[in-house]
Amino acid sequence: TDLEVTHWWTSGGEAAAVAELAKAFNATGNKWVDGAIAGGGDTARPIMISRITGGDPMGATQFNTGRQADELVEAGLMQDVTEVAKAEGWDKIINPPSLYKSCVKDGKWFCVPINIHSWQWMWMNNGVFEKIGKPVPKNWNEFVADVPDLQKAGIIPLAVGGQSWQSNGLFGVLQVALGGVDLWKKVNVDKDAKVAGGPEMLKIFKAAAQAREWSKDTKVQDWNQATNLVITGKAAAQIMGDWAQGEFAVAGKVAGKDYTCLPGLGVNEVISTGGDSFYFPKQKDPEKTKAQLVLAKTLLDKNTQVAFNLKKGSLPVRGDVDLAAANDCMKKGLEILKKGSVLPDGSQTLSPDTTGQLQDVIDKFWHDLSITPEEAQKQYAAIIAKAD
Amino acid sequence: MNTSVSVKDLTLKFGAITVLDKLNLDIQDGEFLVLLGSSGCGKSTLLNCIAGLLEPTDGQIFIKDKNVTWEEPKDRGIGMVFQSYALYPQMTVEKNLSFGLRIAGMAKEEIDKRVARASEILQIGPLLQRKPAALSGGQRQRVAIGRALVRDVDVFLFDEPLSNLDAKLRSELRVEIKRLHQNLKNTMIYVTHDQIEALTLADRIAIMRSGLIQQLDDPMTIYNEPNNLYVAGFIGSPAMNFFKGEITSADGRPAFVTNGVTFMLDGYRAKGPLQPGTKAVLGLRPEHISVDGPETVNTHQAVVEIEEPMGADNLIWLKHAGQSMSVRIGGNRRYSPGAQVKLAYDMSLASLFDAETELRI
Amino acid sequence: MNTSVSVKDLTLKFGAITVLDKLNLDIQDGEFLVLLGSSGCGKSTLLNCIAGLLEPTDGQIFIKDKNVTWEEPKDRGIGMVFQSYALYPQMTVEKNLSFGLRIAGMAKEEIDKRVARASEILQIGPLLQRKPAALSGGQRQRVAIGRALVRDVDVFLFDEPLSNLDAKLRSELRVEIKRLHQNLKNTMIYVTHDQIEALTLADRIAIMRSGLIQQLDDPMTIYNEPNNLYVAGFIGSPAMNFFKGEITSADGRPAFVTNGVTFMLDGYRAKGPLQPGTKAVLGLRPEHISVDGPETVNTHQAVVEIEEPMGADNLIWLKHAGQSMSVRIGGNRRYSPGAQVKLAYDMSLASLFDAETELRI
Amino acid sequence: MERAAPKRRNSLFKNMSAKIAAIPMAFTALVVFLGGTIWTVVYSFTNSKLLPRLNFVGFDQYARLWSTPRWLISVENLAIYGVLSLIFSLVIGFTLAVAMDQKIRFENTFRTIFLYPFALSFIVTGLVWQWLLNPDLGVQHIVRSLGFTSFTFDPLYNADIVIYGVLIAGLWQGTGLIMVIMLAGLRGIDEEIWRASRVDGIPTWKTYVFIIIPMLRPVFVTTLVLIGSGIIKVYDLIVAQTGGGPGGASEVPAKYVYDLMFYSQNLGQGFAASSMMLVTVIVIIIPWAYLEFSGKRAR
Amino acid sequence: MNTMVSATGSVTSGTSAEPRGAKPKRVVSRRNVIVYGTLIVAAIYYILPLYVMIVTSLKGMPEIRLGNIFAPPVEITFEPWVKAWSQACTGLNCDGLSRGFWNSVIITVPSVVISIAVASLNGYTLANWRFKGADVFFTILIVGAFIPYQVMLYPMVIILREMGVYGTLQGLIIVHTVFGMPILTLLFRNYFAALPEELFKAARVDGAGFWNIYFRIMLPISLPIFVVAMILQITGIWNDFLFGVVFTKPDTYPMTVQLNNIVNSVQGVKEYNVNMAATLITGLVPLIVYFVSGKLFVRGIAAGAVKG
Ligand SMILES: Nc1ncnc2c1ncn2[C@@H]1O[C@H](COP(=O)(O)OP(=O)(O)OP(=O)(O)O)[C@@H](O)[C@H]1O
Ligand SMILES: Nc1ncnc2c1ncn2[C@@H]1O[C@H](COP(=O)(O)OP(=O)(O)OP(=O)(O)O)[C@@H](O)[C@H]1O
Ligand SMILES: [Mg+2]
Ligand SMILES: [Mg+2]
């Protein structure tokens, strides 16, 4: 049976990863009809939601693991896949368990988490530091110390693309790495406005204010163009999720040799368990429903998980798979995961609306150098106070 | 003879504006009726009501004794010729002529027969395959008439069909329409604001003014015995000369005084007794005044102001009784400005109106 | 008297089309010259050349003895009145009048004086604060003249200034323009294709045909002694009746034969000897034929076909010598179709043309 | 003749065909535009998130809207962009039309050059100008490589002037059409007006300013409708060229609406913003449309 | 000119100093400099992006990386065009724009035809068959012209869903018809209103009804305005991205969606040459329509837009 699958994985590494999913699904005798929509989730999600609410649902669709599709589920527009989940014992194999919590409503499963993406990474070009005659920094503080030399050498210290979610993500990473997990949880999970307006947070804003200065010569929009600046040595570092790794791979770079990754900026080594999940909008055709269940099963298949995540640069959601082929960075990630130093992702704790508002504040703060950290923090805290 | 078209108490309003007000009109079978009036008086509106292109607010319309007030235009047995001809630009002449018939689903042979007949009557045979753009004004006009002709209707309606043409063509086509009427003997209703057209074509003329018919009569009566001041001033070019004054009696005979000048009214056929003291207006047509001719009871002196030679005639403008007046004389008699002339009037051709009611007395 | 405008060998081509061909024209100071001709004959083109709005291909133009061939329009001392009036729609009448002067940087008082004078002459004082859209056709016309007037120019150029107006207004404004000329005594060049305008207004008329002047004469001469067949046919409404035939002699006197009907030419003032045997065209104006009057040497029978009463006159169309002809009689004499009438002609008013050269003989 | 007159036809069934033919229009006007508008306004008073729900919260959404800096910036940007775009479109369009009207050679070539961008979508326009205005690739790069190393022209990366960068692209796309309409208007002006002004000795530019422009009123009305409707809708261009950045400096209301509705999944807020836009449009357009299109043209 | 020549005299011989014939003109007059200067400067502004697109699309990536986007290609390669047309990848599909082309055609043709048919019928009804309420519809439509599409997206989704045509070609045609309606109706109404009313009356006297008049009288003489409407709709619909992506599915995505996918799917470095080629290919259809019908367009605009 043909099943149309929509997603926004269109960059080089992502596309290769999707191909693995398709291959696995096709092997079950069904057909994966690819419905890629480029331009990222912001572009793709409205289209997906329109189609689902418009009564022309696709066979399966990607959403970020979290609250994005909650209302669609509540409105009864999503296929219940509990049957497969029970049979496969997903609740036992998915690690960490927090991942599937957002898939389960009233004991019923409505989605399949497929990977873990963590924002908590900094990527650095080793060659650049060689050039300025310094060792590759092991943590944020060492990096900060190298910045003047980098600038002297005409190298952009920190590459940040123009899209607002990039600066926002970066800010989140700084929050966890420099402020610690507790601070992050108080703000993002407990929505404690007092903490958000407190002195600890101000430190983060001040650090961000520094970082924005270092990045202001990055005149590109897309995250992977920014990554490319790091790859080509025009910039020294980028704070970006683990998907950036795919770009390094496509460019033929080797982790540890050509580039270095620092989880949690080398300060606070944690993994945030964002990622992607697949949902299965309800179909009229029972054949399709059957195919959906097959796809659901295929996605969590061990082999699929390995093949997919290797290409994608993300971590598998199953704790029981062997990632021998994983590279240096991924192994670091897996390690941390095993240790259980995990955080939920922002999109799991905050509503898209709140995320959007916070993003606006950070984005403006990032690009408008005249906004002081104090001002930005005030606005930030106000939104947290009203967050849902 | 029967009435062919009959309009009863027709009222038409556009929103708050009343364009036609309880208008009544009976037109005889085979009659050529001209609706004459200045721009905006409601002529086209009346014609469109008769044609069924406008819905009357009130009143009824009968054609051939049939109440057609709510009929579609095509079912009224009328044909219409428009000012701009309204030929269908994308169709050949033949197609233009046959369009209505084809719409009605008439048999091919019958259509051909009718088109042939119309093109013969109007002598447009050689033009049948041309498009309107390739026709001269006069030819277009004929095609427009032909379009009404093929429909074999009882009543022809014309809305200023000649007003877009130049003077020369206009006078030629006027004669043609007259000839057509003599041959077809249809009822024709013809709207114009050109009085020459009205006078030359009409069996009867209806003079309209702001939605009302002022006078309905044959052309000679309208010209010579206008019902009221408006009609008198409207008809005739150059216009009738008017003098404001008072009726008196002089030597026991009725007379008219204006600005100290006395006109004896001998020969004027009044409608009733002429009451001395009545404020009145005397109207004299330029061609009814003789210049330097034999003396009559009414002979006055005047000074020539301007001369307008018009070829066949000569129009001279004079100062008389304190106002400007025009007199028409033969084209070969010339007067230069400043010349003194003797004017004599034929009161049997004059008109006299009550200054208040503006009606003929 | 001096020449005011003089055109020497003026040639104008639009690409390959020669619109004016070595045209010469001298206009006297204070003269009212009318350029008359059918549409497209080059009247406007000539006027625009004089105004400097079109550049001649060759030739020269003098105004007041000054060669202005290369001058800008504003420096030629001319004012111009256009067919569509070309008033500036968004400016009040006063602004319309004064705009050119203000642009030229004239002192405020002087402008006011001139506007006041012009509005007095043209009696548009009360309209000064209105916009053109709120004026009637005649008023617009006056404003357009006023715009030329305030510029205090030597020569006025008019390009069919009355052709957009209805007949009544046209005849009124004609008189006004004539009066204006009598007062101002400027040189005026007036383009029209309306012969009545030409005849009534002109001191001299230049009849144009495809870029050439056919005859340049005073109106009476043009009307009574047209130079050639074209002019004869062009001037006069209803048009002159033409008979194609041959000059013969009867009883030793010159005569003209057409379709077996003989016209004695007694009284015709020929330009030279009339050669019997010459193919010729005889022209008779409708108003120069008497109907049922006293018998003359030329008295023929004819049958009335159609009658066109026009109020003051009555036009009857007859069949005579195998062709249709029109005769004008008094408005009160009526003939019904089919009536037999006796026609008599006054040959001293007739015109005779060589059939080949089309020139008067 | 005294027979009873036929009944006046029921006015509902008069011109039946016309009414049937008007069904799509009536549907569009009433259901889509009017219905859609009312629906939007109603839901702007709810706290709908991803899906519309009738959970009324009064004016909360509006209160939040007008206290959101991003919305305020959007409105301000639209005002700046709108005013400038209006002025420049008219000025450039008119200037070009005037130049084209001077009986020039190669008129067809020039017209095609000016008009072709209109054939391209805003997405394409945005991309092309993003490249051209990219400091590392486009104009700035070229000028610098010519030796003017201090030359800076990076409107898309400078929050203060980013809206002008967008304007450059917007004008590039749209002025050609304005020029053509103006040109058609100029060609429709009576030749005699020009002659009259020459005889009056009025310089050409003054003739344009004082006489021709006032005469082109209907043309300006048409262009205003076109430009105006384009301004309010500006969205694709921003998305393609700047994505609203840098730092939200080039946000516009249409984008706010779209982002709130679909990205932030806060329909209520998006609808409130929509309603604000609709109200503005209606307040401006209805009286104007009423004056412009009714009454006068009645026959 | 002191030797004032008597006008009647011997002027005809005319000395060479005497003005005669056309006034000599300099080619490089101030007026020409201003007019052509303006035009050429403007032309550069308008043509530059097209030039850059074409030039870039003919370069190889190494050459682009070297810098000058204005420099003509040293080595012309059609590789990017081929790639954009048939090889560029989005997700798993690596057949470039070629897929979208036919989808665009399939979407554009019926949408253009139907939206114009409906709008011209509206214009005709409004101009010639005014009935009560017609003006209200028209006013709403005109206001509708000012509503951003994004605002109407949600209601439109619901309407189409209720009609059961969401995600079908019919649905998309309805969307294009609805959103093209305001401006097109305005154009057609103006055009038909400017036709002589007598034409309409004559046809009615001839017995033609609503449809006969429309099809046999009005349609055949409305070519100029149809050309304008067609150009506007072809460019509008061909270039449409939003509706194309929201109201279709991957296998029926129009070219613009493919373009967006190609341009926004960055594989490592941005392949500017491929992107430019893709952009050009996508714009080709409306561009050709413009180049072919430019004159008619101007004529039609004069007929439909200027008479407000
Ligand atoms: N659709 C309309 N709405 C409002 N008023 C109208 C309408 N049509 C005509 N009128 C008015 O009705 C009056 C009569 O118009 P009508 O066209 O009948 O005049 P007319 O006598 O034919 O004039 P003309 O000689 O100029 O054709 C005019 O004052 C006109 O303004
Ligand atoms: N710009 C032009 N290009 C080519 N031919 C022209 C141009 N202007 C006028 N003509 C031609 O020159 C001839 C004379 O035109 P002109 O306008 O002088 O005629 P006219 O006598 O004024 O006619 P009308 O009475 O119709 O105004 C016409 O045949 C016309 O077609
Ligand atoms: Mg009328
Ligand atoms: Mg002319």
Side-chain angles (χ1 to χ4, degrees), chain B residues 38-39 163 166-168 170-172 174-179 181-182 192-202 205 218-220 222-224 233-240 285-288 305-315 317 324 326 328 330-332 334 337 346 348-349, chain C residues 38-39 137 163 166-172 174-179 181-182 193-202 218-220 222-224 233-240 285-288 305-315 317 324 326 328 330-332 334 337 346 348-349:
Chain B
S38 54
S39 192
S163 66
D166 70 28
K168 210 163 188 74
R170 204 144 67 201
S171 69
E172 279 172 34
R174 217 164 57 205
V175 177
E176 275 194 38
I177 291 179
K178 182 118 194 183
R179 232 176 237 144
H181 182 237
Q182 284 187 354
T192 183
H193 56 237
D194 181 315
Q195 42 172 304
I196 294 293
E197 268 172 40
L199 290 167
T200 55
L201 289 172
I205 298 176
D218 65 286
M220 276 305 108
I222 295 223
Y223 190 80
N224 290 321
F234 189 76
I235 291 281
S237 170
M240 192 183 259
R285 294 212 178 271
E287 70 272 20
H288 294 157
E305 271 201 320
I306 281 186
E307 187 196 18
E308 282 198 294
M310 319 212 289
D313 310 300
N314 200 352
L315 199 66
W317 291 82
S324 193
S326 63
R328 198 174 87 161
N332 293 325
R334 308 297 299 269
D346 182 352
S348 67
L349 298 170
Chain C
S38 55
S39 191
S163 67
D166 71 28
K168 204 160 190 80
L169 202 53
R170 206 144 67 201
S171 69
E172 280 173 32
R174 217 164 57 208
V175 178
E176 275 194 37
I177 291 179
K178 183 120 194 182
R179 230 174 239 145
H181 181 236
Q182 283 186 353
H193 56 236
D194 181 315
Q195 42 172 307
I196 295 292
E197 269 172 39
L199 289 167
T200 54
L201 289 172
D218 65 285
M220 276 302 109
I222 293 216
Y223 190 80
N224 290 320
F234 188 77
I235 289 280
S237 169
M240 193 182 257
R285 292 213 178 270
E287 70 272 19
H288 293 157
E305 274 201 318
I306 282 186
E307 186 196 21
E308 284 198 292
M310 320 211 287
D313 309 301
N314 199 354
L315 199 67
W317 292 81
S324 194
S326 64
R328 199 176 87 161
N332 292 325
R334 307 296 300 266
D346 183 353
S348 67
L349 298 169

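What you see is a predicted model; the values in this text were computed from it and never measured. Labels below follow one simple rule: chain letters A, B, ... track the order of the sequence lines, proteins then strands, and each chain is numbered from 1. Just so it is clear, the values below take in all heavy atoms, side chains as well, and ignore hydrogens, waters and symmetry mates.
C:Arg179 has its side chain within reach of B:Glu305: a pair of non-hydrogen atoms, C-beta onward, lies under 4.5 Å apart.
Applying the salt bridge (Lys or Arg N to Asp or Glu O under 4.0 Å) test to C:Glu307 and every residue at least two apart in sequence or in another chain returns C:Arg334. Here C:Glu197 pairs with C:Tyr190, C:Thr192 under the side-chain hydrogen bond (donor to acceptor under 3.5 Å, both in side chains) rule; sequence neighbours left out.
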If you apply the rule salt bridge (Lys or Arg N to Asp or Glu O under 4.0 Å), what do you find for B:Arg174 with C:Glu308, and how did you get there?
CA-CA 9 Å; B:Arg174 217 164 57 205; C:Glu308 284 198 292; 3.1 Å; yes

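How far CG of B:Asp313 is from OG1 of C:Thr200: 12.0 Å, rounded to the nearest 0.5 Å.
Contacts between B:Ile222 and chain C at a heavy-atom distance below 4.5 Å are absent for every atom of the residue. Residue contact with chain C, scored on non-hydrogen atoms closer than 4.5 Å, is absent for B:Pro286. At a 4.5 Å heavy-atom cutoff, B:Pro219 makes no contact with chain C through either its backbone or its side chain. If you measure heavy-atom distances from B:Asp194 to chain C, you find no contacts under 4.5 Å at all. In this structure, no portion of C:Asn314 lies under 4.5 Å from any heavy atom of chain B. Using a 4.5 Å cut-off between heavy atoms, C:Leu349 touches chain B through its side chain atoms alone.
The shortest non-hydrogen separation linking C:His288 to B:Asn332 is NE2-ND2, 4.4 Å. Between B:Met220 and C:Gly331 the shortest heavy-atom distance is SD-O, 3.7 Å. Scanning all heavy atoms of the two residues, the minimum distance from C:Val175 to B:Ile306 falls at O-CD1, 4.2 Å.
Between chain B and the residues C:His193, C:Gln182, C:Arg285, the largest count of heavy-atom pairs under 4.5 Å involves C:Gln182.
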